[in-house]
Amino acid sequence: QVQLVESGGGSVQPGGSLRLSCAASGRMFSINTMAWYRQAPGKERELVAVIRPGGSTNYVDSVKGRFTISRDNAKNAVYLQMNNLKPEDTAVYYCYAAIQPNGYSSYSNYWGQGTQVTVSS
């Protein structure tokens with residue numbers, strides 16, 4: 001059973017930094033795209049940042065220059081470094097990975113349990 005386990009959320013003042021981590025565990029054959037999404041109260045879940053196996057990345061405009069996504073393929077992990085945090089970054093953050101459980105199956109979508117990030121003075 002593949003699982004994504006997140007850590008690193010919390011409360012921080014505006015201008016502060018947090019680093020989110022997410023590690024995939026269980027039997028898996030291959031991991032393709034990894035990403036971070038977030039969902040604020042009353043809003044739809046939005047894609048924050050994505051990183052492909054080769055390392056190419058994309059970000060939503062609102063976090064460009066402040067957030068950095070990275071991955072460690074040896075550890076099956078993805079990270080989100082968040083700097084200069086703003087109150088509008090407050091949300092539950094979810095990691096995502098497209099994982100091929102074995103060499104005979106197609107890729108499936110896997111989600112972490114979510115971690116709360118609160119930015120407030």
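The chain is numbered in sequence order, starting from 1. Fair warning: this is a prediction, and the values are worked out from it, not measured in the lab. No hydrogens, no waters, no symmetry mates; every other heavy atom, side chains included, goes into these values.
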Original post:
Quick check: are there more than 12 heavy atoms from other residues, nucleotides or ligands sitting under 6.0 Å from CD of E88?
Top reply: yes
Less than 3.5 Å apart, any donor N or O on the side chain of [X] or [Y] sitting next to an acceptor on the other?
| X | Y | value |
| --- | --- | --- |
| Y93 | R38 | yes |
| N76 | R71 | no |
| T118 | Q116 | yes |

Subject >> Nearest-0.5 Å distance, CD of residue Q81 to CZ of residue R66 >> reply: 12.0 Å
**OP:** Enter the distance from K75:NZ to C22:SG here, rounded to the nearest 0.5 Å.
**Re:** 14.0 Å
Cluster check [X], [Y]: I/L/V/M/F/W/Y, side chain < 4.5 angstrom:
| X | Y | value |
| --- | --- | --- |
| I51 | V60 | yes |
| V63 | V12 | yes |
| M34 | Y110 | yes |

Original post:
Does a salt bridge link K86 with D89, judged by any charged N lying under 4.0 Å from a carboxylate O?
Top reply: no
For residues [X] and [Y], report the shortest heavy-atom separation together with the two atoms involved.
| X | Y | result |
| --- | --- | --- |
| A49 | L80 | CB-CD1, 4.3 Å |
| A24 | I31 | CB-CD1, 4.2 Å |
| E6 | T115 | OE1-N, 3.2 Å |
| L18 | G10 | CD1-O, 3.9 Å |
| L20 | M82 | CG-CE, 3.7 Å |
| S17 | N83 | OG-OD1, 2.9 Å |

Subject >> R52 and V50, any side-chain heavy atoms less than 4.5 Å apart >> reply: yes
Original post:
Are side-chain heavy atoms of P87 and P14 found at a separation under 4.5 Å?
Top reply: yes
Let me check something: any side-chain donor-acceptor pairs from residues 94-107 under 3.5 Å, sequence neighbours excluded? List them with distances.
unit_1 : atom_1 : unit_2 : atom_2 : d
Y96    : OH     : N109   : OD1    : 2.6
Q100   : NE2    : S105   : O      : 2.9
N102   : OD1    : Y104   : N      : 2.8
N102   : OD1    : S105   : N      : 3.0
S105   : OG     : N102   : N      : 3.4
S105   : OG     : N102   : O      : 3.3
Y107   : OH     : S30    : OG     : 2.8

**OP:** State which residues pass side chain to side chain contact (heavy atoms under 4.5 Å, CB included) with Q3; sequence neighbours excluded, sorted by chain then number.
**Re:** S25
Subject >> Candidate list L47, V48, I69, test side chain to side chain contact (heavy atoms under 4.5 Å, CB included), partner Y59, passing option >> reply: I69
Original post:
Is the distance between the ring centroids of W36 and Y79 less than 6.0 Å?
Top reply: no
